[in-house]
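Following: one structure in structure tokens, then a few remarks.
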4 protein chains.
Amino acid sequence: MAAAVSGRGARGSSAKAQNATGGARAKRGVARREAILKAALEEFSARGFEAARLDDVARRAGIAKGTIYLYFSDKETLFQELVRSEISPIVGTLEHVSHVEAPIRMIAEQFVELFVREIIETRRKDIIRLIISEGPRFPKLAEFYYREVISRALGAVRAVLRRAVERGELANDAIARFPQLLIAPALVAIVWNALFDRFEPLDVRAMLRAHFDFMFGAGRAA
Amino acid sequence: MAAAVSGRGARGSSAKAQNATGGARAKRGVARREAILKAALEEFSARGFEAARLDDVARRAGIAKGTIYLYFSDKETLFQELVRSEISPIVGTLEHVSHVEAPIRMIAEQFVELFVREIIETRRKDIIRLIISEGPRFPKLAEFYYREVISRALGAVRAVLRRAVERGELANDAIARFPQLLIAPALVAIVWNALFDRFEPLDVRAMLRAHFDFMFGAGRAA
Amino acid sequence: MAAAVSGRGARGSSAKAQNATGGARAKRGVARREAILKAALEEFSARGFEAARLDDVARRAGIAKGTIYLYFSDKETLFQELVRSEISPIVGTLEHVSHVEAPIRMIAEQFVELFVREIIETRRKDIIRLIISEGPRFPKLAEFYYREVISRALGAVRAVLRRAVERGELANDAIARFPQLLIAPALVAIVWNALFDRFEPLDVRAMLRAHFDFMFGAGRAA
Amino acid sequence: MAAAVSGRGARGSSAKAQNATGGARAKRGVARREAILKAALEEFSARGFEAARLDDVARRAGIAKGTIYLYFSDKETLFQELVRSEISPIVGTLEHVSHVEAPIRMIAEQFVELFVREIIETRRKDIIRLIISEGPRFPKLAEFYYREVISRALGAVRAVLRRAVERGELANDAIARFPQLLIAPALVAIVWNALFDRFEPLDVRAMLRAHFDFMFGAGRAA
DNA sequence: GATGAATGAGGGTTCATTCAT
DNA sequence: TATGAATGAACCCTCATTCAT
């Protein structure tokens, strides 16, 4: 499951760079694209969309400023492709989750692991923060994120909760009406991490476990 | 309690504007300052710190561009003072909460009302979004917010939980270790409101109540 | 007649610069606008629209680059306003010409004087060359010039020729079908002046007189 | 005569492309050069020298951008060679004209045909417009054009007029002093064609005939 | 205090030119 | 010879900040 999330090979690369199959030219093009996206992620998450300078993105990627425009038509496109390229691999994972047959507390535990390892401990947390920050100014992006991630995630959560209720693992089905409640601590973790960690470090794993313990009853072993 | 939050009279106004003893001059200065802050709030929350233009702030406030600089030394200061001016009145309220002697579920219910009425339904939610968005670029601001709001809020939550445990209203004291868990849904509400409400409206009151019902047992009447 | 052409006072100046009636502020604004137009004329006619740099226009006008944008919304607008501001005063003059009651050869002689003094010997010749050069890329401009200058000029020429025929001053009315033929040498003069004068100077007055002598019979005295 | 003007075979091709003795290699090189020049003509006359992009020239010529530099050392050279390649074939024709022994009105009629067919109805009119537009920025080009075309054309016109006077076909020799007067309508035709034809179409042949009728007496049959 | 014209540094974007393949 | 990815100088335009009025 985690593998699906961290998979990087399948992402779409620019058409321009792929006319030769496996040629060194094409490979280099793909690498450049990746380098630009990586640099862009760092600059955008450090300064936000507006304040980030393409000059810095280029310098960080070790290329000339004009080169960016060989891969992305403008700053906004670069930003949107960045978000998409990081979000897309998550989507497949979400589909999986709702199909797993296991006690709900175990699924929750897997979610904790996955979330910490693939979001909190990677730059993906920054992407999510960027969506929160810039979403209102990029309605297309918010819609994409809602469609590809949020609605599927909530659907998966609902399915899991339903099965838990059927199996009698969950007496109270109140939270099924607001699946957001289950994920809320994850959002807190991301925001806390970015803003307040230096004042008061937060043990994300422990917090999420406490949350699920409270929701579903104690312990992984249960 | 709500009054304390929305109170606007006690905020510090520019020193320059207070050389007269409450004269019309000073009053006008205070009003100008307020108008600028109001306009700034609208522009900053609509476009973010970088993209907001002081020209638009001035126009919206009905003054000349240069006038802003009579009240705030630069754009960044204006932004920080804006956040402070909106955050400060909340602080007092937070102190109150932890002293209220009442069943925890009732306190929770008051919190729901207060949060929806004073945050979600006002522009204050935008301030919080701005802190999330711009915090990483304005460490001073994040620190201020942490010190004045977050740490006090968490302290208050902890105190309330402690009393609830003492009174036997709350068996499990696990969440006392992570008071963030109690507030997490409020954060979700703010973010959802800004990004996804047009796709799927969220009944914030209902969600928060479901949350507290689950945490503390059902119902307002309880 | 010449006065009408060279009149500069009546040209429209930016609305911004005219809120005070005759204030120093407004006057300065008008002067700035004129200075920018003058500098722009020099740069545009030396290098063409595309190659001209606003940086140079600013430097030549003795102002900062950004100041241009206080008076003109962009480079293209500056160019179009430049053409209009130089063309407009000509229009009135054209109306006059067709009403003058005088022997055709005398009218022609006046035209020669006017053309040389107000077009060839001023920067207005450059404006006409600019219209020829950039017209195809600025259809609006070509249309404006056709409507305001060409069609009126041809109309005036036709009227004069008609009266000349009626008075028996002109036997052959063939050229009335192509009034362009009467003005053609003026165009040659402008182009020659810009391109070939350094190789072979052209006495424009003499050429135009020879032209009209041939067309209408010899001499001013006639 | 017309054949000489439109002849394309004799034009100089790049030295680089001629090391093989007429081999297929060389031929291909010549064809490429021609393709580039053709594409350049279209782009330059549509947008002007500055605004034309070599990228578009390459695309239109069906080659890669870098290939242009194998045939022309830079954009300016390409432009100048383009003008030369289109102008050169005209030169020979001009020499012919002055030697033709025929009534002046017939020579004029041949000129009309030639001008319309080979200039107005081809892209050559655009070359002339380009010289007018860009001449001031490319003194070399203006000089070349003056030397190769203008001075010869005027010389030829003078010779023809001289013979016409000698033969008694032309009483007034005033225009011999300004041979530009004879060609002026051709310039008008080119400019009108580019700028005003859509507002008021101009029958170039008819205008030129009217012009020569007026100058030399009526009719082709004469 | 209040204005808004003026400034000029800075950023996004383009495109002629180069060069490794 | 041909390619087209890469470069980076240059240019238009914006906007926070200043200052004469």
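Naming convention: chains lettered A, B, ... in sequence-line order (proteins, then strands); numbering from 1 in each chain.
- Closest contact between the side chain of C:Y71 and the listed nucleotides E:dT13, F:dA2, E:dA6 involves E:dA6.
- Contact annotation: the side chain of D:I127 approaches that of D:L82 to within less than 4.5 Å [non-hydrogen atoms, C-beta and beyond].
- Rounded to whole Å, the distance from CZ on B:R59 to C1' on E:dG4 is 12 Å.
- With respect to the salt-bridge test (charged N to carboxylate O, under 4.0 angstrom), the residues B:E34 and B:K38 do not qualify.
- Spacing between atom CZ of D:R47 and atom C1' of E:dT14 amounts to 13 Å, rounded to whole angstrom units.
- Across all strands, B:R32 comes closer than 4.0 Å only to sugar-phosphate atoms, never to a base (heavy-atom distances).
- Separating the NZ atom of A:K27 from the P atom of F:dA5 is a distance of 18 Å, rounded to the nearest angstrom.
- A side-chain hydrogen bond (donor to acceptor under 3.5 Å, both in side chains) with C:E43 is found for one member of C:R60, C:R53, C:R59 and no other, namely C:R60.
- Nucleic acid contact for B:A52: sugar-phosphate only, since backbone atoms but no base atoms lie under 4.0 Å from a heavy atom of the residue.
- In this structure, D:R33 places its CZ atom 16 Å from C1' of F:dT1, rounding to the nearest Å.
- Of all nucleotides present, only F:dA10 satisfies the Watson-Crick or G-U wobble test against E:dT13, with each distance under 3.5 Å.
- Closest approach to the A:T67 side chain among F:dA6, E:dA2, F:dT3 is made by F:dA6 (side chain taken as heavy atoms from C-beta onward).
- Comparing atom distances between the D:K65 side chain and each of F:dT7, E:dT14, E:dA16 picks out E:dA16 as nearest.
- Comparing atom distances between the D:L54 side chain and each of E:dA16, E:dA5, F:dT3 picks out E:dA16 as nearest.
- Residue C:I68 is out of contact with every strand shown, counting any heavy-atom pair closer than 4.0 Å.
- Summarising the geometry, the separation between CG on A:D55 and C1' on E:dT13 is reported as 12 Å, rounded to the nearest angstrom.
- In terms of phosphate contacts, B:R28 brings a side-chain nitrogen or oxygen within less than 4.0 Å of OP1 or OP2 of E:dA2.
- Contact check, D:K75 against E:dA16: a side-chain N or O comes under 4.0 Å of OP1 or OP2.
- Pair check for E:dT7 finds F:dA16; Watson-Crick or G-U wobble, both atom distances under 3.5 Å.
- Atom-to-atom distance recorded for C:Y69:OH and C:L54:CG is 4.5 Å, nearest 0.5 angstrom.
- The side chain of C:R53 contributes no N or O atom lying less than 4.0 Å from OP1 or OP2 of F:dC12.
- The CD1-P distance, from D:I63 to F:dA5, rounds to 15 Å in whole Å.
- Atom P of nucleotide E:dT17 and atom CG of D:D74 are separated by 5 Å, given to the nearest angstrom.
- Just one of C:F72, C:F144, C:F44 meets the ring pair (Phe, Tyr, Trp, His ring centres under 6.0 Å) condition when paired with C:F79; it is C:F44.
- Among the nucleotides F:dT17, E:dT3, E:dA16, the one closest to the side chain of D:Y69 is E:dA16.
- To the nearest angstrom, C1' of E:dT13 lies 14 Å from CG of A:L78.
- Positionally, the nearest nucleotide of DNA chain E for A:E50 lies more toward the 5' end than for the other of D:E76 and A:E50.
- Using a 4.5 Å cut-off on side-chain heavy atoms (C-beta onward), C:Q80 and C:T77 make no contact.
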